[in-house]
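Letters A, B, ... are given to chains in the order of the sequence lines, protein chains preceding strands, and every chain is numbered from 1. What you see below is based on every heavy atom in this structure, not just the backbone, and it leaves out hydrogens, waters and symmetry mates.
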Amino acid sequence: MSREIDELIEQAKDGSHIAFEQLVRLTYQDTYTLAFRLTGDEEDASDVVQETYLRAHNGLKKFRGDAQFSTWLHRITANCANTFLGRRGRNRTDELPDDSVVIDLNPASDPVHRADVGDLRDQLTEALRSLPPKLRAVVVLRDIYDLPHEMIAAELGITESAAKVRLHRARKRLRERLYPMNGQFDAETDGDEEAHAV
Amino acid sequence: MLSEPMRCDDVGTLLAASADDPTLLSEPAALHVASCLRCQAERAQYRSILRVMKTLRNDTVTVQPELLGDVLDLVRPPAEVVKFRRPGSDRRRAAIGGIAAAATAGAAGAIVVATRLASGKRLAS
């Protein structure tokens, strides 16, 4: 697969549109999945994917192969989603509240009863969607896609330290959401850092 | 001089930070965790979440069927986009061609009739 992609990249760089189309076919599902995780919306994810491949097409000659093609695409996707969400944030006034931590006192929600990994996956997917986009982007790119802090910071237009702070806060919120019995939302430190992080 | 022992609240942020890199936990924090069941449980929860996060990497979300075509249309060179024009466009082009042909035929007929009428008048006079 990787070798095939390398060959396609070389052909696409030489101007083969068929090769680039094949690259799109091989990668668009993965790209869409990341876009969906970052935006949390099907339509938005589709727009981000189209923008991503347009940029990838126009900038393919700049791809030097230092990182994997998938990593390069993930970076572009993250950048496009960040731009898209920023634009949407300015245009929309009906955003959901960011701090929706639910304390569930039902005994059935006790971690002991929810040890099944499949169950935890579903809950985690939901918990990720409930995160504010800024926090979600960092934790998705770092903990699911393994992008280094400096790359994440570069694509989101923030400092590396801000990216780390957002990551820690996102992890904390996920834990509080998944294990609510011993988690308390740390509201007082939240607003302060957000101002510094941007 | 001995430094003050760390408290759970102090260690909390470090646990989130060190979920994927235990070396980020300072020595005093590590000492605290080693003797604190609450922080050990918290660390286990972070690690558990991280493990599940890694498994999400291989998941794919169902893609809207028209997305691939939309992306390919965007990156195709213009000539090929024309070649792969939607069927609706061809029908519209055929309809416009038909109207143009009918109009031309009508105009030609009108010219013929007018010419004949004019020549008929000349003969009569």
Side-chain angles (χ1 to χ4, degrees), chain A residues 12 15 17-18 20-21 23-25 28-37 42-43 45-47 49-54 56-58 111 115 117-118 120-121 123-125 127-128 139-140 142-146 164-165 167-179 182-183 186 189, chain B residues 7-26 29 36-84:
Chain A
H17 292 288
I18 293 171
F20 190 81
E21 283 190 21
L23 282 172
V24 173
R25 288 177 202 280
Y28 82 102
Q29 280 188 313
D30 187 45
T31 304
Y32 178 81
T33 301
L34 173 58
F36 181 75
R37 286 194 171 124
E42 288 181 5
E43 290 298 323
S46 294
D47 288 345
V49 168
Q50 293 185 43
E51 178 68 23
T52 297
Y53 281 107
L54 204 55
H57 184 258
N58 294 338
V117 172
L120 191 59
R121 277 168 64 94
Q123 291 172 44
L124 184 56
T125 304
L128 279 170
V139 76
V140 163
R142 175 71 198 145
D143 287 347
I144 300 181
Y145 290 87
D146 270 331
K164 286 180 182 174
V165 171
L167 174 69
H168 306 159
R169 195 187 309 149
R171 284 176 177 167
K172 192 162 182 274
R173 286 210 195 178
L174 290 176
R175 190 185 66 79
E176 287 166 349
R177 180 79 185 243
L178 295 170
Y179 302 96
N182 57 351
D186 187 5
T189 57
Chain B
R7 295 174 308 154
C8 296
D9 287 347
D10 304 325
V11 177
T13 308
L14 293 172
L15 287 176
S18 64
D20 58 342
D21 185 2
T23 61
L24 291 178
L25 209 58
S26 64
C36 175
L37 288 176
R38 180 183 158 185
C39 288
Q40 286 172 21
E42 200 170 313
R43 183 177 60 183
Q45 289 166 354
Y46 279 122
R47 288 180 178 172
S48 173
I49 291 170
L50 201 60
R51 265 199 304 276
V52 179
M53 291 279 269
K54 299 293 178 201
T55 68
L56 293 180
R57 176 66 185 86
N58 298 321
D59 289 1
T60 50
V61 177
T62 309
V63 184
Q64 294 173 342
E66 65 273 15
L67 179 63
L68 178 62
D70 289 346
V71 173
L72 294 180
D73 276 351
L74 270 178
V75 297
R76 264 184 195 128
E80 285 186 53
V81 173
V82 170
K83 198 165 75 183
F84 290 102

Quick check for you: to the nearest 0.5 Å, what is the distance between [X] atom [atom1] and [Y] atom [atom2]?
X	Y	atom1	atom2	answer
R142(A)	L50(B)	CZ	CG	9.0 Å
Q45(B)	L120(A)	CD	CG	10.0 Å
L54(A)	L74(B)	CG	CG	5.5 Å
D73(B)	Q50(A)	CG	CD	9.0 Å
E42(A)	Q64(B)	CD	CD	5.0 Å
F36(A)	D59(B)	CZ	CG	12.0 Å

Fill in: With sequence neighbours excluded, residues passing ring pair (Phe, Tyr, Trp, His ring centres under 6.0 Å) with Y145(A)
H74(A)

Item to complete: Could you tell me whether the side chain of K54(B) and the main chain of D143(A) form a donor-acceptor pair under 3.5 Å?
Response: yes

Region of [X] that comes under 4.5 Å of a non-hydrogen atom in chain B:
X	result
T52(A)	neither
L128(A)	side chain
L124(A)	side chain

Discussion item. If we define contacts as heavy-atom pairs under 4.5 Å, which of D20(B), T62(B), L14(B) has the most with chain A?
Written reply: D20(B)

Fill in: Option that, when pairs with chain A are counted at under 4.5 Å, heavy atom only, ranks first among V71(B), L67(B), L15(B)
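The candidate making the most pairs under 4.5 Å is L67(B).
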
Fill in: Heavy-atom side-chain contact between V75(B) and H17(A) under 4.5 Å
no

Item to complete: Would you kindly say whether T60(B) and Q29(A) are connected by a side-chain donor-acceptor distance under 3.5 Å?
Response: no

Worksheet item: Which pair of non-hydrogen atoms, one from R171(A) and one from A16(B), has the smallest distance, and what is that distance?
Response: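 Taking every non-hydrogen atom into account, NH1-O, 2.7 Å.
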
Worksheet item: Taking all non-hydrogen atoms of both residues, which atom of T55(B) and which atom of R121(A) are closest, and how far apart?
Response: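 In terms of heavy atoms, the two residues are closest at OG1-NH1, 2.7 Å.
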
Worksheet entry | Greatest number of heavy atom pairs closer than 4.5 Å to chain B - which of F20(A), Y53(A), Y28(A) | Y28(A)

Worksheet item: Under a 4.0 Å N-O cut-off, is there an ion pair linking R57(B) with D146(A)?
Response: no

Worksheet entry | Contacts of E66(B) that satisfy side-chain hydrogen bond (donor to acceptor under 3.5 Å, both in side chains) - sequence neighbours left out |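 Scan of E66(B) (side-chain hydrogen bond (donor to acceptor under 3.5 Å, both in side chains), adjacent residues dropped) gives none.
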
